[in-house]
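So the structure is just underneath, and the comments pick up after that.
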There are 2 protein chains.
Amino acid sequence: MICEDQGAALTPLRREVFELLLRHDRPVGAYELLDELKSLRPKAAPVTVYRALDFLLELGLVHKVNALNAFSACRGQEADHRGLVLICRSCKATVELEDHKIDNTIRRSAAELGFEAGDEPVEVVGTCASCRA
Amino acid sequence: MICEDQGAALTPLRREVFELLLRHDRPVGAYELLDELKSLRPKAAPVTVYRALDFLLELGLVHKVNALNAFSACRGQEADHRGLVLICRSCKATVELEDHKIDNTIRRSAAELGFEAGDEPVEVVGTCASCRA
DNA sequence: TATATAATGTAATAACATTACACTATTTTA
DNA sequence: TAAAATAGTGTAATGTTATTACATTATATA
Ligand SMILES: [Zn+2]
Ligand SMILES: [Zn+2]
Ligand SMILES: [Zn+2]
Ligand SMILES: [Zn+2]
């Protein structure tokens with residue numbers, strides 16, 4: 001999903017946080033982001049970043065990568081997409097995968113157990129090509 | 001996987017931590033576990049729990065649930081299984097799902113991108129049946 | 001303009017996890 | 001068995017990630 005205004009509330013602060021994320025091709029921790037944000041906004045505190053991230057997560061512009069305790073700008077093709085994110089345990093690189101077939105299979109299996117899968121990307125931890133080489 | 005000795009190093013401390021986990025039917029945070037462990041072992045500190053957990057994770061007796069920053073005794077049927085874990089965002093209940101078909105599908109799709117999926121369960125966050133009712 | 005709502009500032013603290021080093025128990029080897 | 005090596009645990013401190021509470025400022029609405 002390309003950076004685009006989703007409505008009224010994409011304030012300068014929130015946009016700044018989002019743009020910082022876009023500059024990275026890997027998930028970034030909140031405190032690393034905070035350090036970067038401070039050069040723009042010396043008053044920034046942890047909660048500044050977390051609030052902006054909450055907003056961006058809500059909109060689906062950003063994903064939280066639980067396996068890394070980090071956040072990444074959504075790189076998917078479709079707005080509000082579902083799918084998988086592959087995470088290299090070694091170099092922390094991630095790739096987003098929008099595979100409706102896998103997604104549907106997972107959702108159906110979950111549904112058989114009375115479980116309704118949410119929209120957050122499903123995380124798959126492993127090793128990327130360059131780290132295996 | 002039922003609780004069973006996997007070799008020499010399942011010490012009393014490690015067994016205690018594992019048995020505490022088995023008493024819960026949901027993932028438990030390390031500090032919650034620490035509180036419980038302290039009634040058996042007043043000297044226990046955070047690192048005590050984390051070291052025991054590292055050992056149990058290594059053996060595959062325990063899974064870390066990244067989405068909850070918590071740990072659960074493995075409830076799977078097969079030793080060293082792969083699979084999915086469904087996590088209710090509302091009540092934090094989890095269900096383990098050993099579905100080779102889904103697992104293989106995920107692994108193949110990852111492999112197409114040069115990515116080798118690891119053995120950790122794939123986490124699916126959603127809402128369980130009772131929380132939807 | 002007055003009021004309400006949304007956003008941000010500021011400070012403190014909570015929750016999760018690791019490092020470093022000392023000490024003890026167990027295993028290995030001489 | 002004694003010495004040495006390895007594995008496990010104790011103890012203290014610290015690092016990292018995330019939230020709460022309340023004050024202030026900006027924006028929207030009446
Ligand atoms: Zn995405
Ligand atoms: Zn890699
Ligand atoms: Zn399991
Ligand atoms: Zn539930």
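All figures in this text were calculated on a predicted structure; none of them were measured in a lab. The figures here come from the full heavy-atom set of this structure, side chains too, leaving out hydrogens, waters and symmetry mates. Sequence lines set the chain letters: A, B, ... in the order given, protein chains first and strands last, and positions in each chain run from 1.
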From CZ of A:R41 across to C1' of C:dT8 the rounded distance in Å is 8 Å

From CG of B:L40 across to P of D:dG10 the rounded distance in Å is 12 Å

Please report, to 0.1 Å, the donor-acceptor pairs under 3.5 Å made by any side chain of residues 105-113 of chain A, with sequence neighbours excluded.
{"residue": "A:T105", "atom": "OG1", "partner": "A:K101", "partner atom": "O", "Å": "2.7"}
{"residue": "A:R107", "atom": "NH1", "partner": "A:G118", "partner atom": "O", "Å": "3.1"}
{"residue": "A:R107", "atom": "NH2", "partner": "A:A117", "partner atom": "O", "Å": "2.7"}
{"residue": "A:R107", "atom": "NH2", "partner": "A:G118", "partner atom": "O", "Å": "3.4"}
{"residue": "A:S109", "atom": "OG", "partner": "A:T105", "partner atom": "O", "Å": "3.2"}

Whole Å only: how far is the CG atom of A:L59 from the C1' atom of C:dA7?
-> 15 Å

Provide, to the nearest angstrom, the distance between the NZ atom belonging to B:K43 and the C1' atom belonging to D:dA12.
-> 15 Å

Select one nucleotide: of C:dG9, C:dA7, D:dT9, the one nearest the side-chain heavy atoms of B:R14.
-> D:dT9

Rounded to the nearest Å, what distance is computed from the CG atom of residue B:L13 to the P atom of nucleotide C:dA25?
-> 14 Å

With A:E36, the side-chain contact (heavy atoms from CB on, under 4.5 Å) member among A:L40, A:L33, A:L34 | A:L33

Check residues 43-53 of chain A and write down every donor-acceptor pair under 3.5 Å in which the side-chain atom is one partner and the other belongs to a residue at least two apart or another chain.
{"residue": "A:T48", "atom": "OG1", "partner": "A:A45", "partner atom": "N", "Å": "2.9"}
{"residue": "A:T48", "atom": "OG1", "partner": "A:A45", "partner atom": "O", "Å": "3.1"}

Produce a footprint string for nucleotides 15-21 of chain D: one letter per nucleotide, 5' end first; B if the base is under 4.0 Å from any protein heavy atom, S if only the sugar-phosphate is, - if neither.
-> --BBBB-

Between B:L34 (CG) and D:dT11 (C1'), how many Å, whole number?
-> 13 Å

Contacts of B:R41 that satisfy salt bridge (Lys or Arg N to Asp or Glu O under 4.0 Å) - sequence neighbours left out = B:E16

Contacts of type salt bridge (Lys or Arg N to Asp or Glu O under 4.0 Å), residue A:R82, not counting sequence neighbours | A:D119

Can you sort out the partners of A:R26 under side chain to side chain donor-acceptor pair (under 3.5 Å), two or more places apart, ordered by chain and number?
-> none

Think A:T11 has a side-chain N or O under 4.0 angstrom from the OP1 or OP2 of C:dA6?
-> no

